S.K.: 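Let me give you the structure first, and then I'll get to my questions.
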Number of protein chains: 2
Amino acid sequence: MRMSKRERQRRIKQAFMDDPFLTDEEMAKRCKVSIQTIRLDRLELGISELRERIKHMAENHFDRVRSLLVEEVIGDIVDLQLDHSGVSVLEIKKEHVFARNQIARGHILFAQANSLAVALVNSEVALTGSAEIRFIRPARLGEKCIAHATVIKKKASRLQVDVKTKINGEVVFQGIFYVYRLEDDELVPANEEEH
Amino acid sequence: MRMSKRERQRRIKQAFMDDPFLTDEEMAKRCKVSIQTIRLDRLELGISELRERIKHMAENHFDRVRSLLVEEVIGDIVDLQLDHSGVSVLEIKKEHVFARNQIARGHILFAQANSLAVALVNSEVALTGSAEIRFIRPARLGEKCIAHATVIKKKASRLQVDVKTKINGEVVFQGIFYVYRLEDDELVPANEEEH
DNA sequence: CATGTATTAATACCAGGTACTAAATCAGTA
DNA sequence: TACTGATTTAGTACCTGGTATTAATACATG
């Protein structure tokens, strides 16, 4: 006996979830029905065509990857005086927040502040050594976070940087970052060579 | 005078990098040349057609996004005892490191630890209140970071969570996170309603 | 002016569809 | 058994965003 319509549609839905790259033709073969039936099913299930599915995926991922990964720095550094102070702006977008409550994940605010603190160091390469941070109130979707960083102490290769992040003038995040310049000989990767 | 071929191709290349979703038609308009010229240019430049570009993006970024962004959590949480302890594993990939020295950005290790600390809280929604962290030695491309989190203090809605991240048994990151459960009435977004 | 490069035009074809109409097949019921 | 409605299949026209190929045209330059 053939599969019922309901059952087939359930399977189709699942199959497209598992592999969004399936064409109707492939799907028709798998279900042993005609291609038209598959198309009617997609219509009823509100599943868009292959190209649209792929495009959607690419679009989403594109934005997110761009905004979070490709950049070395999180947030726009709009002002920078090396070894002295700097300002960074970050608008909270949907890829920064918890889906359930639209609140920015902690590490996003941290990342903005950390990126800024590291950028302040007048050196080829700088790393964060330690930090003390406080999340004073949650940042929400759409809000614009402005982080101000100031170098408090300067000692050879170590800097103490204070960062305060505000939304509409209200402090939402505060942190003290101890950042250090990386010496060239420390740069050598774990697997020796290079020098 | 019209643009030279070289100059046009340079621009086309850049334009497709900036926006892979451009059709040849759009590009032809922008460059004020025929669509055929654009196609010849793509051929010479080895740029594939729109659908192929999009498909590639969708395929590649599918995994990456899965591993970093779509999830609410950074790192694989392999063990979790609510309100008690947990373990998370994160392999340092190229999207986590500074291009110049292959060292993981500080906020990546922080994000792993923070995600884990927040996940520990036995509540619908939890946020980080504050943290003190130390980056003991840099984590490099390819290394596997194993974060162990333990709840040290439990006080009503606030928890103190200690996280130690190790690579091959060596501590690379250490942090104390003060995490709190979010009450329902604090959940309401800035723009009222919902309830 | 001829020659070569660059550009444009025109045509046939492709995948993977949408939209629509119509026919065929079932399944259940009066 | 015949009718009815749902389901399935078929067929056609059309769409986008191309490829592939051939041919014509424009432009510069020796």
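Remember, it's a predicted structure, so these values are computed and weren't measured experimentally.
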S.K.: Do the rings of A/Phe110 and B/Phe110 sit parallel, tilted or perpendicular, given the 30° and 60° boundaries?
M.R.: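 Taking B/Phe110 first and then A/Phe110, their aromatic rings lie parallel (interplane angle under 30°).
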S.K.: From the options C/dT8, D/dT9, D/dG18, select the nucleotide whose nearest atom is closest to the side chain of B/Asp24.
M.R.: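 When the side chain of B/Asp24 is considered, D/dG18 is the closest of C/dT8, D/dT9, D/dG18.
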S.K.: A/Arg8 has an atom CZ; how far is it from atom C1' of D/dA6, in whole Å?
M.R.: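 Value for this atom pair: 12 Å.
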S.K.: Let me know the distance between CD of B/Glu52 and C1' of C/dC14, rounded to the nearest Å.
M.R.: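 Nearest whole value for this atom pair: 13 Å.
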S.K.: Could you give the CD-to-C1' distance, from A/Glu7 to D/dT7, as a whole number of Å?
M.R.: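 About 17 Å, once rounded to whole Å.
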S.K.: Which residue lies toward the 5' end of DNA chain C, A/Thr23 or A/Gln36, if each is placed at its nearest nucleotide?
M.R.: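 Mapping each residue to its closest nucleotide by heavy atoms, the 5'-most match is A/Thr23.
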S.K.: Decide yes or no on salt bridge (charged side-chain N to carboxylate O under 4.0 Å, His left out) for A/Asp83 and A/Arg181, but give the supporting numbers first.
M.R.: CA-CA 11 Å; A/Asp83 279 350; A/Arg181 304 171 214 269; 3.6 Å; yes
S.K.: Could you work out, with salt bridge (Lys or Arg N to Asp or Glu O under 4.0 Å) as the rule, every residue matching A/Glu44, not counting sequence neighbours?
M.R.: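 By the salt bridge (Lys or Arg N to Asp or Glu O under 4.0 Å) rule, A/Glu44 matches A/Lys5.
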S.K.: Quick one: A/Ile54 CD1 to D/dG17 P, roughly how many Å, whole number?
M.R.: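 To the nearest whole Å, that distance equals 15 Å.
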S.K.: So if I take residues 38-51 of chain A and measure heavy-atom distances to DNA chain D, which residues fall below 4.0 Å?
M.R.: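 Nucleic-acid contacts, sorted: A/Leu40.
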S.K.: For B/Glu25, look at atom CD and say whether over 12 heavy atoms of other residues, nucleotides or ligands are found less than 6.0 Å away.
M.R.: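 It does not: B/Glu25 CD has 12 such atoms or fewer within range.
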S.K.: Rounded to whole angstroms, how far apart are CD on B/Glu25 and P on C/dT8?
M.R.: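 Distance, rounded to whole Å: 15 Å.
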S.K.: Taking side chain as C-beta onward, heavy atoms only, is A/Ile167 less than 4.5 Å from A/Arg137?
M.R.: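 Answer yes - side chains close enough.
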S.K.: Do B/Val161 and B/Val151 come close enough that some side-chain heavy atom pair is under 4.5 Å?
M.R.: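 A side-chain contact under 4.5 Å exists here.
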S.K.: Please report, rounded to the nearest Å, how far the P atom of D/dA26 is from the NZ atom of B/Lys5.
M.R.: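 Answer to the nearest Å: 19 Å.
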S.K.: Take atom NZ of A/Lys55 and atom C1' of C/dG16, then tell me their distance rounded to the nearest Å.
M.R.: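 Nearest whole value for this atom pair: 15 Å.
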S.K.: Transitive ILVMFWY cluster of A/Ile152 at side-chain heavy atoms under 4.5 Å: who else is in it?
M.R.: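 Hydrophobic cluster check, A/Ile152: no partners found.
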S.K.: For A/Ile35 and C/dA19, give me the distance from atom CD1 to atom C1', rounded to whole Å.
M.R.: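 Taking CD1 of A/Ile35 and C1' of C/dA19, I get 15 Å after rounding.
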S.K.: Is the shortest side-chain N/O distance from A/Ser34 to OP1 or OP2 of D/dT9 below 4.0 Å?
M.R.: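 For A/Ser34, the contact criterion (side-chain N or O under 4.0 Å from OP1 or OP2 of D/dT9) is met.
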